[in-house]
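Residue indices begin at 1 and follow the sequence shown. Model, not experiment: these values are computed from the prediction.
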Amino acid sequence: MMTSERYVNFVEHLGLSVPLVQAPMAGVSTPAMAAAVCEAGALGSLGLGAMTADQAAATIADLKARTARPFNLNLFVHATPVPDPSGEAAWLDALTPLFASFDAESPKALETIYASFAQDDAMLCVLVDAAPAVVSFHFGLPDASRLAALRGAGCLLVASVTSLAEAQAAARAGIDVLVAQGWEAGGHRGMFDPEAPDAQLGTFALTRLLVQSQPLPVIAAGGIMDGAGIRAALDLGAAAAQLGTAFVACPESAASDAYRAALTGPGGHTTRMTRAISGRPARCLGNAFTAWGDTHVELTNPAYPRAYDAGKALAAAARAKGEFGFDAQWAGQAAPLARALPAGDLVALLAREIAAGSRS
């Protein structure tokens with residue numbers, strides 16, 4: 001098992017010149033983005049949670065063709081959902097008027113559209129074969145055998161946590177580095193149990209708590225958009241900062257033009273935590289979907305990712321009619337601070353801002 005003492009300075013271990021991780025952002029990150037970040041001296045990442053094993057293998061090969069530097073591959077480790085026919089039917093009934101407004105029919109039933117890494121043996125084989133420098137986990141932890149296989153391939157193991165209790169569980173499992181995901185963070189909350197009470201700790205409060213309470217290196221994540229924010233995280237004891245929303249506007253991002261434009265619109269100033277889109281709590285730009293969710297809180301969401309099956313179908317129906325307000329426009333607080341720079345240039349700018357101690 002890799003010891004915490006060996007990786008107190010994981011930035012040095014990976015040979016990074018900038019204490020920065022580009023967040024994996026499944027559906028938004030691309031091999032071009034991750035490679036540009038890596039080549040600029042930070043840790044680029046790919047989110048594989050929405051891919052099949054074959055898709056992941058092709059995407060990893062693309063990334064490896066672009067850079068020889070260390071990179072991070074991220075997996076979802078959610079509980080496999082149990083179908084709830086009656087509850088899911090009620091959910092689809094509630095969505096039917098929205099589908100009808102776009103001249104579309106709602107799905108007749110929901111599917112589990114993403115496999116959890118907890119049961120995906122084919123994905124494990126892909127990862128062991130790829131042997132990336134870093135493998136990270138969201139929504140929970142794989143079992144001991146999967147962690148041992150990845151450790152045996154030489155991978156540094158990283159897990160997102162939202163509380164001290166989750167951090168302690170990760171340490172017991174043999175995780176090497178923690179991502180302290182604050183309430184401000186865009187995208188899905190990394191809670192191991194989405195039905196458990198959420199203390200909603202902010203990024204800096206959680207980072208400091210973890211730094212003071214346990215020995216593993218901590219990466220601060222959530223609402224950090226510039227070098228001043230990274231410097232603040234480092235001053236609190238973080239080994240690095242993870243930024244996601246800051247990279248959405250980069251040309252290498254897979255984000256749509258509407259998504260990019262929305263970052264600096266009204267929704268960027270009013271991000272919302274919602275379950276309506278995917279079935280799990282996730283921070284999104286305020287849009288038509290979050291507004292619908294706010295007015296239907298009495299409904300019980302289908303489990304993740306089955307709710308997402310309906311959410312994606314609705315977004316596609318809306319886009320076909322020129323409406324983009326039902327897209328999953330994940331973003332953290334302070335989204336309007338995003339800068340539309342090439343990813344490598346953004347990393348270089350962030351490095352200068354860190355060195356200066358404040359945003360230029």
Side-chain angles (χ1 to χ4, degrees), residues 4 21 23-25 49 74 76-79 81 116 118 136-142 157-173 175-225 229-230 232-245 269-286 290 293-294 297-298 300-301 303-305 307 330-335:
S4 59
V21 179
M25 297 184 293
N74 180 258
F76 295 158
V77 196
H78 52 281
S116 171
S136 61
F137 310 110
H138 207 58
F139 300 149
L141 305 170
L157 304 179
V158 178
S160 294
V161 300
T162 64
S163 67
L164 178 57
E166 290 176 349
Q168 292 169 335
R172 289 192 298 270
I175 294 297
D176 301 301
V177 182
L178 304 172
V179 174
Q181 190 198 35
W183 180 246
E184 304 96 323
H188 286 95
R189 289 286 282 162
M191 297 175 67
F192 293 5
D193 180 0
E195 305 309 320
D198 187 347
Q200 301 180 3
L201 293 174
T203 301
F204 288 166
L206 178 59
T207 295
R208 192 61 180 162
L209 176 65
L210 298 187
V211 168
Q212 290 283 69
S213 303
Q214 56 81 53
L216 295 182
V218 175
I219 299 169
I224 302 173
M225 297 293 290
I230 297 172
L234 299 177
D235 287 345
L236 290 174
Q242 178 170 286
L243 280 63
T245 307
H269 296 275
T270 56
T271 59
R272 303 288 297 171
M273 193 69 75
T274 183
R275 288 177 179 254
I277 297 174
S278 74
R280 261 189 176 257
R283 186 170 295 282
C284 184
L285 299 174
T290 64
D294 288 345
V297 293
E298 78 286 355
T300 299
N301 289 85
Y304 176 92
W330 308 130
Q333 293 177 352

### Task
From the options Arg189, His138, His188, Glu166, select the one residue that forms a side chain to side chain donor-acceptor pair (under 3.5 Å) with Ser160.
His138

### Query
When rounded to the nearest 0.5 angstrom, what is the spacing between CG in Leu201 and OG1 in Thr207?
10.0 Å

### Query
How long is the span from the CE atom in Met273 to the OG1 atom in Thr290, to the nearest 0.5 Å?
12.0 Å

### Query
Got Phe192 and Val161 here, is their nearest side-chain heavy-atom distance under 4.5 Å?
yes

### Message
Can you give me the closest heavy-atom contact between Ile224 and Gly229, atom names plus distance?
### Response
CG2-C, 3.6 Å

#### Entry: Candidate pair Leu243 and Ile230, rule side chain to side chain contact (heavy atoms under 4.5 Å, CB included), full reasoning
CA-CA 9 Å; Leu243 280 63; Ile230 297 172; 4.0 Å; yes

### Message
Can a donor-acceptor pair be found, under 3.5 Å and without considering hydrogens, that links the side chain of Thr245 to the backbone of Gly332?
### Response
yes

## Note on the structure
Separation between OH (Tyr304) and CD1 (Ile277), nearest 0.5 Å, reads 12.0 Å

### Atom pair CG (Leu206) and CG (Leu236), whose distance is rounded to the nearest 0.5 Å
11.0 Å

#### Entry: Interatomic spacing from OG in Ser163 to CG in Leu210 - rounded to 0.5 Å
8.0 Å

### Task
Write down the atom of Arg280, the atom of Pro194, and the distance for their closest heavy-atom approach.
NH2-CD, 3.4 Å

### Task
Compute whether any side-chain donor of one residue and acceptor of the other, for Glu184 and Thr203, lie under 3.5 angstrom apart.
yes

#### Entry: Gln242 and Pro24, any side-chain heavy atoms less than 4.5 Å apart
yes

#### Entry: Atom pair CD1/CG of Ile175 and Leu216 - distance to nearest 0.5 Å
9.0 Å

### Task
Please tell me if the side chains of Gln333 and Arg283 come closer than 4.5 Å, counting only heavy atoms from C-beta onward.
yes

